[in-house]
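From a predicted model like this one, the values you see are computed outputs, not experimental measurements.
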Amino acid sequence: MAKKLVIKVTAGADAPERCSQAFTVAAVAAASGVEVSLWLTGESVWFALPGRAAEFELPHAAPLPELIDGIRAGGGAITVCTQCAARRNIEQKDLIEGAGIAGAQVFVSEIMPDDVQALVY
């Protein structure tokens, strides 16, 4: 049975290496055929807005727009934390195509099955 990988990103441009690692692992997993669910929380939620990922720069790291495209191309889901979005006045209509907004109840339901691996960056 295939495992699902749920990755929660708790950092954005405020902790660029940690942020980049999360997106990189998600993209590699998706490209490898793993079912991926990427959760954006805290400052990482900004990358669910059109054009914002292109503003992120980290030397020797893959560009975030390419990583996001890879996650989506591999069938990965991108979800923005409800409270984090609300604190930043972000609504569903503001997000990139394919991204959604959901809360802790959905996150918990995704990570609890035995065939799921959860990582937090």
On the ring face of Tyr121, is Lys8 found with NZ or CZ under 6.0 Å from the centre and within 45° of the axis?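 No, Lys8 does not lie over the aromatic ring of Tyr121.
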Salt bridge check, Glu97 against Arg72: does any charged N sit closer than 4.0 Å to a carboxylate O?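 No, this pair does not count.
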Could you check if a side-chain atom of [X] sits within less than 4.5 angstrom of a side-chain atom of [Y], using non-hydrogen atoms only?
X: Glu110; Y: Val116; answer: no
X: Val106; Y: Thr79; answer: no
X: Ile7; Y: Phe23; answer: no
X: Leu67; Y: Val28; answer: no
X: Val120; Y: Trp39; answer: no
X: Glu35; Y: Leu5; answer: no
X: Asp94; Y: Glu91; answer: yes
X: Ile71; Y: Ile78; answer: yes

Answer yes if [X] and [Y] sit in the same cluster of Ile, Leu, Val, Met, Phe, Trp and Tyr residues linked by side chain heavy atoms under 4.5 Å apart, and no otherwise.
X: Phe107; Y: Val36; result: no
X: Leu119; Y: Val6; result: no
X: Phe56; Y: Ile68; result: yes

Taking all heavy atoms of [X] and all of [Y], pick out the closest pair and write down the distance.
X: Ala85; Y: Val80; result: CB-CG1, 3.8 Å
X: Ser44; Y: Val9; result: OG-O, 3.1 Å
X: Cys19; Y: Gly12; result: CB-O, 3.6 Å
X: Ala61; Y: Ser20; result: CB-OG, 3.5 Å
X: Phe47; Y: Ala13; result: CZ-N, 4.0 Å
X: Thr41; Y: Cys81; result: CG2-CB, 3.8 Å

Please round to the nearest 0.5 Å and tell me the distance separating atom CD1 of Ile101 and atom NZ of Lys93.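 Nearest 0.5 Å value for the CD1-NZ distance: 10.0 Å.
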Working to the nearest 0.5 Å, report the span between CZ of Arg52 and CD1 of Ile90.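 Nearest 0.5 Å value for the CZ-CD1 distance: 7.5 Å.
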Does Gln92 reach the main-chain N or O of Ala99 with its side chain, forming a donor-acceptor pair under 3.5 Å?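 Side chain of Gln92 to backbone of Ala99: a pair is present.
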Spell out, as yes or no, whether a donor-acceptor pair under 3.5 Å connects the side chain of Thr82 to the backbone of Ala102.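 Yes; at least one donor-acceptor contact below 3.5 Å.
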